[in-house]
There are 2 protein chains.
Amino acid sequence: MRQIKHPNIEQFELTDIMYALADPTRLEIVVMLATAGKKMTCGELDLNRPKSSMSHHFKILRSAGLVETVIEGTEHMNSLRFEEIEQKYPGVLKAVLKAAEKV
Amino acid sequence: MRQIKHPNIEQFELTDIMYALADPTRLEIVVMLATAGKKMTCGELDLNRPKSSMSHHFKILRSAGLVETVIEGTEHMNSLRFEEIEQKYPGVLKAVLKAAEKV
DNA sequence: ATTATTGTTCTAATATAATCGAACTATAGA
DNA sequence: TCTATAGTTCGATTATATTAGAACAATAAT
């Protein structure tokens with residue numbers, strides 16, 4: 001079974017997280033995941049862009065530690081690593097989500 | 001007397017702020033300003049880089065709305081626009097500063 | 001006036017990132 | 001086994017950022 005590599009909490013870097021959140025497309029993915037509060041496929045998180053473009057953004061979200069992707073069948077289920085990010089950087093993601101929602 | 005243009009609160013963009021904070025040099029400038037809690041010259045905030053490079057980073061911090069620069073004589077006095085950023089995006093800068101300090 | 005100081009702007013080089021079509025991989029289902 | 005589905009990876013293109021030297025602008029001091 002395939003697996004996708006994710007950083008652990010010790011490997012999180014604040015600037016990587018800031019960088020990942022600095023792109024509107026990626027920020028929207030994060031907001032959608034937070035709002036849904038459940039795993040979502042890349043397809044559900046699609047922002048009518050080519051798959052390869054979306055895949056690129058997911059890769060950056062994963063490498064920053066913001067998103068966890070587990071493979072279930074042919075689908076990649078994504079979820080926000082909210083608790084872990086909050087544990088390492090309390091309040092950051094929470095405040096950014098609140099800020100992002102009010103557009 | 002020369003003047004430097006800064007965005008007003010309505011013009012702040014969350015992604016611009018995230019982007020500005022995604023660079024280690026700029027994040028350090030922001031932390032230094034927050035820690036000092038007073039105006040500082042670009043010289044005092046120097047991170048032994050060429051002046052033109054530092055100037056570039058200040059420009060990005062200013063355009064994001066994070067830093068305000070007022071000219072006093074030959075010096076440019078920089079301060080963190082903490083209250084304004086907090087007003088528009090409550091908790092964001094506060095949490096990021098806390099996160100950045102514990103490196 | 002001349003010179004020093006502070007920082008910006010200009011310009012060019014290099015590096016990094018975004019975009020997206022096409023080929024590919026892994027699983028599921030017929 | 002063949003086909004469909006879901007995403008990734010590859011490769012090339014274009015766009016954006018970083019870096020830094022050199023010239024410049026504004027004030028201050030001699």
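Values reported hereafter were calculated over all heavy atoms of this structure, with side chains retained and with hydrogens, waters and symmetry mates removed. All values reported here derive from a predicted model rather than from experimental measurement. Throughout, protein chains are lettered first and strands after them, A, B, ... in sequence-line order, and every chain is numbered starting at 1.
Contact detail for A:Ala99 and B:Tyr89: the closest heavy-atom pair is CB-CD2, 3.4 Å.
The side chain of B:Asp23 sits closest to D:dT18 out of D:dG7, D:dT18, C:dA26. Nearest to the side chain of B:Lys51, among D:dT9, C:dG7, C:dG21, sits C:dG7. Of all nucleotides listed (C:dC20, D:dT8, C:dA18), C:dA18 comes nearest to the side chain of A:Ile60. Among the nucleotides D:dT8, D:dT27, C:dT9, the one closest to any side-chain atom of A:His76 is D:dT8.
Hydrophobic clustering (ILVMFWY, side-chain heavy atoms < 4.5 Å, transitive): B:Leu66 and B:Val31 are in one cluster.
Residue A:His57 places none of its side-chain N or O atoms closer than 4.0 Å to OP1 or OP2 of C:dA17. Neither OP1 nor OP2 of D:dG21 sits under 4.0 Å from any side-chain N or O of B:Ser52. Note on A:Tyr19: every side-chain N or O is 4.0 Å or more away from OP1 and OP2 of D:dT16. OP1 or OP2 of C:dT8 has at least one side-chain nitrogen or oxygen of B:Ser55 nearer than 4.0 Å. In terms of phosphate contacts, B:Thr74 brings no side-chain nitrogen or oxygen within less than 4.0 Å of OP1 or OP2 of D:dA26. Taking 4.0 angstrom as the limit, B:Arg62 places a side-chain polar atom (N or O) nearer than this to OP1 or OP2 of C:dT8.
Using a distance-only test at 3.5 Å, with no hydrogens or angles considered, no donor-acceptor pair links the side chain of B:Glu68 to the main chain of B:Leu80.
The separation between A:Ile4 atom CD1 and C:dT25 atom P is 16 Å, rounded to whole Å. A:Lys5 has its NZ atom 18 Å from the P atom of D:dT8, to the nearest Å. Atoms NE2 (B:His56) and P (C:dA15) sit 16 Å apart, rounded to a whole Å. Distance A:Asn48 CG to C:dC20 P: 10 Å, rounded to the nearest Å. Computed from coordinates, the A:Met40 CE to D:dA6 C1' distance equals 15 Å when rounded to whole Å. The interatomic distance linking A:Glu72 (CD) with C:dT27 (C1') rounds to 13 Å, in whole Å. Atom CZ in A:Phe58 sits about 15 Å away from atom P in C:dA18, given to the nearest Å. Distance CZ (B:Arg49) to C1' (C:dT6): 19 Å, rounded to an integer number of Å.
Salt bridge present: B:Glu72 and B:Lys39 bring a charged side-chain N and a carboxylate O closer than 4.0 Å.
Annotation: cation-pi pair A:Arg26/A:Tyr19 present, NZ/CZ under 6.0 Å from the ring centroid and within 45° of its normal.
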